[in-house]
Amino acid sequence: MSSHSSPFSALKMHLHLARKEFIRLPLSIFYAQNNFVTSLKPISIALPLPSSARLSTVISMTRTAAIGNTTKSQMGRGLQTGRVAFSAHEVVDNNSTNNLENREILVQHILVPEDKVKLLLELQQRIVTEGVDLSVLATEYSICPSKEEGGMLGWVQKGQMVQEFEEAAFSAPLKKLVRCKTKFGWHLLQVLSEREGGFLQAIEPEELQVKMQDADFITEAQLMDVRESNEVSIASLPGFKFYPLGQFGSWGPTITTDLNPSKDTYVLCHHGVRSLQVARWLQTQGFKRVYNISGGIHHYSQKVDSSIPTY
């Protein structure tokens, strides 16, 4: 799998957040220190979330960590990290609607400490005068964990990066080297390509219920339920195909062959948090029209069909 289409690019934003405040949980997969995931031992997890984070968000983040462990064992790869570019602002809002600029850029970068700007200038000079590839230098000199992929951050949209990095990246001409400074240090970035992005928006249960009255909707739309099997056995909606988030490693790598990225895709979970994570990941895989069902099946039961059990 190429780094350009890696499913891990989308997961970066959920685990590598620019926070000094941590919620520590037992039972989990990763151990984080100084904002980095440093271990794959099943001992504990330190999630860089504010103490005010919703319980559903914490649970969802824990599930995301488990995805990395599953994928590592099944695909031979761990969660690709990159704390530098992403923030936590949207993660805790499980009903947020993401209607951002309809453009995505493919970015790679080198990150050096704030006091190493001279080194950054030297690296830029080597790229310009000697023709050294940025990815080679990123592997050797960058302090961002994305160095393991040659500094590749993958396809990103506006709203996924810290402001200074975003402004520099989205205003940079293709292939041009650009320097910028953030609270993480100095960056030398390069935009390799750009493409038309899709959209991700929330859909309320009432609106979904209206659509489901149309028989063609069930056959034409792609309906994903990312809950676990024990949850599905309690409550489910007709027409939804099950993609348990805990089994991401088995279905994630083939999602673009199993589903059609050009079709409308609707994602459901219990409360709308896990589905939002998957919906955002689908965007990075080229899915153009993705809908997150607000409040999940719990909200659907409360607002539309009380015969559906709650749990």
Side-chain angles (χ1 to χ4, degrees), residues 1-14 64 67 80 85-86 89-91 93-108 152-161 166 169-170 172 174 191-205 207-212 214-226 237 239-245 248 251-269 272-296:
M1 182 183 299
S2 70
S3 60
H4 292 196
S5 60
S6 169
F8 307 108
S9 297
L11 296 178
K12 294 172 192 171
M13 72 183 76
H14 303 299
T64 302
I67 290 174
Q80 299 303 311
F86 302 99
H89 299 309
E90 292 181 312
V91 175
D93 184 0
N94 65 341
N95 289 324
S96 66
T97 299
N98 189 15
N99 289 320
L100 302 172
E101 178 180 316
N102 194 34
R103 182 166 68 106
E104 297 175 335
I105 56 176
L106 182 63
V107 189
Q108 64 179 151
M152 185 66 65
L153 293 175
W155 290 98
V156 298
Q157 292 182 326
K158 283 193 172 181
Q160 295 178 339
M161 300 173 289
E166 178 177 285
F170 276 87
L174 286 179
V191 177
L192 301 178
S193 184
E194 65 178 13
R195 67 186 183 188
E196 180 183 355
F199 69 79
L200 163 60
Q201 74 178 51
I203 180 171
E204 293 297 323
E207 184 180 353
L208 176 65
Q209 194 267 344
V210 172
K211 289 180 177 293
M212 293 181 69
D214 183 349
D216 291 336
F217 174 77
I218 299 294
T219 57
E220 294 177 1
Q222 299 178 140
L223 309 177
M224 298 179 64
D225 189 331
V226 299
L237 294 182
F240 278 79
K241 185 175 180 179
F242 303 116
Y243 295 85
L245 197 54
F248 179 87
W251 56 262
T254 60
I255 194 65
T256 55
T257 55
D258 189 28
L259 297 178
N260 185 344
S262 66
K263 286 189 173 183
D264 292 357
T265 304
Y266 295 76
V267 192
L268 173 74
C269 72
V273 180
R274 284 172 285 171
S275 57
L276 180 58
Q277 293 178 343
V278 172
R280 283 174 169 160
W281 172 72
L282 288 172
Q283 283 190 297
T284 71
Q285 303 306 294
F287 283 72
K288 296 303 182 184
R289 299 187 300 276
V290 186
Y291 298 85
N292 181 52
I293 301 169
S294 297

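This one's a predicted model, so the numbers in the text were calculated from it and none came from an experiment. Values reported hereafter were calculated over all heavy atoms of this structure, with side chains retained and with hydrogens, waters and symmetry mates removed.
Closest approach of Val191 and Ala172 over heavy atoms only: CG2-CB, 4.1 Å. The shortest heavy-atom contact between Gly286 and Pro261 is O-CB, 3.5 Å. Residues Ala279 and Val290 approach most closely at CB-CG1, 3.5 Å, considering heavy atoms.
A distance of 3.5 Å separates CG of Leu259 from OH of Tyr243, quoted to the nearest 0.5 Å. Separating the CH2 atom in Trp281 from the CZ atom in Phe287 is a distance of 7.0 Å, to the nearest 0.5 Å. For the atom pair Leu200 CG and Arg280 CZ, the distance stands at 6.5 Å (nearest 0.5 Å). Interatomic distance, Gln222 CD to Tyr291 OH, rounded to the nearest 0.5 Å: 12.5 Å. Distance SG/Cys269 to CE/Met224: 11.5 Å, rounded to 0.5 Å. Of the inter-residue distances, the one linking Ile293 atom CD1 with Leu276 atom CG reads 12.0 Å to the nearest 0.5 angstrom.
Judged as a side chain to side chain donor-acceptor pair (under 3.5 Å), and not counting sequence neighbours, Glu166 has no contacts.
Tested against Leu223 for a side-chain contact (heavy atoms from CB on, under 4.5 Å), the candidates Ile218, Leu268, Leu237 yield a single pass: Ile218. Of the options Lys288, Arg289, Lys211, a side-chain contact (heavy atoms from CB on, under 4.5 Å) to Asp264 is made by Arg289 and by none of the others.
Within the 3.5 Å criterion, the main-chain N or O of Arg195 finds no donor-acceptor partner in the side chain of Arg103. Using modelled atom types, no side-chain atom of Trp155 and backbone atom of Gln283 make a donor-acceptor pair closer than 3.5 Å.
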*Candidate pair Asp258 and Lys241, rule side chain to side chain contact (heavy atoms under 4.5 Å, CB included), full reasoning*: CA-CA 11 Å; Asp258 189 28; Lys241 185 175 180 179; 3.0 Å; yes
*Show the numbers, then the answer: is there a side chain to side chain contact (heavy atoms under 4.5 Å, CB included) between Val267 and Arg274?*
CA-CA 9 Å; Val267 192; Arg274 284 172 285 171; over 6 Å; no
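Counting heavy atoms from C-beta on, the side chains of Ile203 and Tyr266 come closer than 4.5 Å. Taking 4.5 Å as the limit, every side-chain heavy atom of Val107 sits out of range of all side-chain heavy atoms of Phe170.
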